[in-house]
Colleague: 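Quick one: structure below, then a few questions.
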Amino acid sequence: MKKVVLIVFFFTGLLMNAQEMITGVNVSGEGTVSVVPDRVLVYFAVENQGDFVLKVKKQTEDAVNQVLDFLKKEGVPAKNIQTEYINLDKQYDYQNKTYHYSSRQAISVKIDDIADYEKILTGLMESGVNRIDRVTFQSSQMETLKSQARKKAVLNAKKKAEEYAAALGQSIGKARAISDLSNTVQPIYGAMAFKTEMEDSSGGNKSIIAPGEIEITAQVNVLFSLNY
């Protein structure tokens, strides 16, 4: 008889816990913070082609050395410069029955002050860079902005829960669970454009940027208790 009573209490407890778990207001919230970027990450490459592998390889290496010397003179810290990859390819021309070689080295450089972008980009191209692959705008306050976005997301969830409860003539209690729905809190680039022209109509280097703003977005799911 005692075993039966214990089993009844056990399943009754499980049922009460299950009811308690699903009782409440479960809402999602989103928070966004916008900021004008203050630094730039540029991905560029030096590439050469020719019939002699050693000559092609040396041309690329010499150009890269000039680029690195230029960045050093501009005061760019060594930690802001990174080699992304180095390629040396051999290609066969079936029509002429000859081999051709191509050498490429890709580098990324972080420019801490966006005001230096034009000057550094021009200097890179004059030093031997013949390919700009990508430009990414960033903020030096990213961690602080992520924290602000997360707080906004939680407050947004709370506001939603209060509105739902108020429509029923009730109120919410304390938060009982919080889940981060953001895969990664990364900048989402909105209204901005980038265009690089190796030469303009006058024969000089020309570049145009419109960095716009960065949006840092956080998403959460919050379960609030519901006061009857």
Side-chain angles (χ1 to χ4, degrees), residues 1-43 77 79-82 84-85 108-114 117 133-194 209-228:
M1 184 66 180
K2 290 182 179 179
K3 289 184 179 180
V4 174
V5 173
L6 288 175
I7 292 173
V8 171
F9 276 119
F10 175 75
F11 281 105
T12 302
L14 287 178
L15 181 60
M16 292 177 64
N17 288 335
Q19 290 177 337
E20 184 180 355
M21 287 177 63
I22 63 175
T23 300
V25 183
N26 196 350
V27 294
S28 62
E30 183 174 285
T32 301
V33 179
S34 299
V35 64
V36 176
D38 57 5
R39 64 187 186 192
V40 187
L41 186 60
V42 181
Y43 294 85
K79 65 179 182 178
N80 286 12
I81 307 168
Q82 180 175 329
E84 298 295 329
Y85 63 84
S108 65
V109 58
K110 183 173 69 174
I111 305 172
D112 289 325
D113 188 349
I114 196 172
Y117 167 79
D133 292 324
R134 180 159 55 99
V135 175
T136 302
F137 300 93
Q138 300 179 338
S139 171
S140 57
Q141 303 299 316
M142 190 61 67
E143 291 304 318
T144 300
L145 297 171
K146 288 179 183 179
S147 178
Q148 292 176 4
R150 287 191 287 265
K151 291 176 182 178
K152 283 190 172 185
V154 171
L155 292 177
N156 178 246
K158 182 181 179 182
K159 181 180 179 181
K160 284 183 180 180
E162 289 172 341
E163 290 174 351
Y164 289 136
L168 299 172
Q170 298 174 234
S171 62
I172 62 169
K174 294 183 177 181
R176 299 163 57 190
I178 301 177
S179 300
D180 186 358
L181 301 181
S182 307
N183 293 325
T184 55
V185 186
Q186 293 291 336
I188 302 175
Y189 300 105
M192 57 181 163
F194 168 72
I209 59 169
E213 289 187 339
I214 299 174
E215 289 186 354
I216 296 88
T217 302
Q219 294 179 324
V220 297
N221 188 272
V222 186
L223 174 62
F224 293 93
S225 61
L226 185 61
N227 298 328
Y228 295 93

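Just so it is clear, the model here is predicted, and its values are computed rather than measured.
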Colleague: Spell out, as yes or no, whether a donor-acceptor pair under 3.5 Å connects the side chain of Ser171 to the backbone of Asn227.
Modeller: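 Looks like no, no N/O pair under 3.5 Å.
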
Colleague: How many angstroms lie between CD in Glu215 and OG in Ser34, if you round to the nearest 0.5 Å?
Modeller: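 So the gap between those two atoms works out to 4.5 Å.
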
Colleague: Give a yes or no on whether the backbone of Thr217 and the side-chain of Thr32 come within a donor-acceptor separation of less than 3.5 Å.
Modeller: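 No, Thr32 side chain to Thr217 backbone: no donor-acceptor pair under 3.5 Å.
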
Colleague: Please determine whether salt bridge (charged side-chain N to carboxylate O under 4.0 Å, His left out) holds for the pair Lys146 and Glu143, giving the CA-CA distance in whole Å, both sets of side-chain angles, and the decisive distance to 0.1 Å.
Modeller: CA-CA 5 Å; Lys146 288 179 183 179; Glu143 291 304 318; 3.4 Å; yes

Colleague: Restricting to non-hydrogen atoms, name the atom on Ala153 and the atom on Ala218 that form the minimum distance, rounded to 0.1 Å.
Modeller: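 Minimum heavy-atom separation between Ala153 and Ala218: CB-O, 3.5 Å.
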
Colleague: Looking only at heavy atoms, which two atoms of Val33 and Ala149 are closest? And how far apart?
Modeller: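 Shortest heavy-atom contact: CG2-N, 3.6 Å.
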
Colleague: Just how far is it from atom CD1 of Ile178 to atom CZ of Arg150, taken to the nearest 0.5 Å?
Modeller: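 It is 12.0 Å, given to the nearest 0.5 Å.
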
Colleague: For the atom pair CD1 (Ile216) and CD (Gln141), what is the distance rounded to the nearest 0.5 Å?
Modeller: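 Reported to 0.5 Å precision, the distance equals 10.5 Å.
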
Colleague: Give a yes or no answer on whether the side chain of Asn156 reaches the backbone of Glu30 with a donor-acceptor pair at less than 3.5 Å.
Modeller: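 Yes, because the side chain of Asn156 sits within donor-acceptor range (under 3.5 Å) of the backbone of Glu30.
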
Colleague: Ignoring hydrogens, what is the shortest heavy-atom contact between Tyr43 and Thr136? Give both atom names and the distance.
Modeller: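 Shortest heavy-atom contact: CE1-OG1, 4.2 Å.
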
Colleague: Identify the heavy atoms of Val222 and Ala157 that sit nearest to each other, and give their distance.
Modeller: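 Val222 and Ala157 have their closest heavy atoms at CG2-CB, 3.8 Å.
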
Colleague: Is any side-chain heavy atom of Val25 less than 4.5 Å from a side-chain heavy atom of Lys160?
Modeller: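 Result no, sub-4.5 Å side-chain heavy-atom pair not found.
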
Colleague: Tell me, do Phe137 and Val36 make a side-chain contact under 4.5 Å, heavy atoms counted?
Modeller: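 No, their side chains stay 4.5 Å or more apart.
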
Colleague: Which distance, rounded to the nearest 0.5 Å, do you find between the OG of Ser108 and the CZ of Arg134?
Modeller: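 Here the interatomic distance stands at 9.0 Å.
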
Colleague: Look up atom CG in Asp112 and atom CD in Gln138, then write down how far apart they are to the nearest 0.5 Å.
Modeller: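 Atom-to-atom, Asp112:CG and Gln138:CD are 9.5 Å apart.
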
Colleague: Report yes if some heavy atom in the side chain of Pro77 is under 4.5 Å from a heavy atom in the side chain of Lys110; otherwise report no.
Modeller: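 No, their side chains stay 4.5 Å or more apart.
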
Colleague: Rounded to the nearest 0.5 Å, what separates atom CZ in Arg176 from atom CG in Leu226?
Modeller: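 If we round to the nearest 0.5 Å, Arg176:CZ and Leu226:CG are 9.5 Å apart.
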
Colleague: Any sub-3.5 Å donor-acceptor pair from Asn221's side-chain atoms to Leu181's backbone N or O?
Modeller: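 The answer is no, because no donor-acceptor pair under 3.5 Å joins these two groups.
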
Colleague: So Ile172 and Tyr164, side chain to side chain contact (heavy atoms under 4.5 Å, CB included) or not? Walk me through it.
Modeller: CA-CA 9 Å; Ile172 62 169; Tyr164 289 136; over 6 Å; no

Colleague: Counting C-beta onward and ignoring hydrogens, is there a side-chain heavy-atom pair between Arg39 and Ile114 closer than 4.5 Å?
Modeller: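 No - every pair of side-chain heavy atoms lies 4.5 Å or more apart.
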
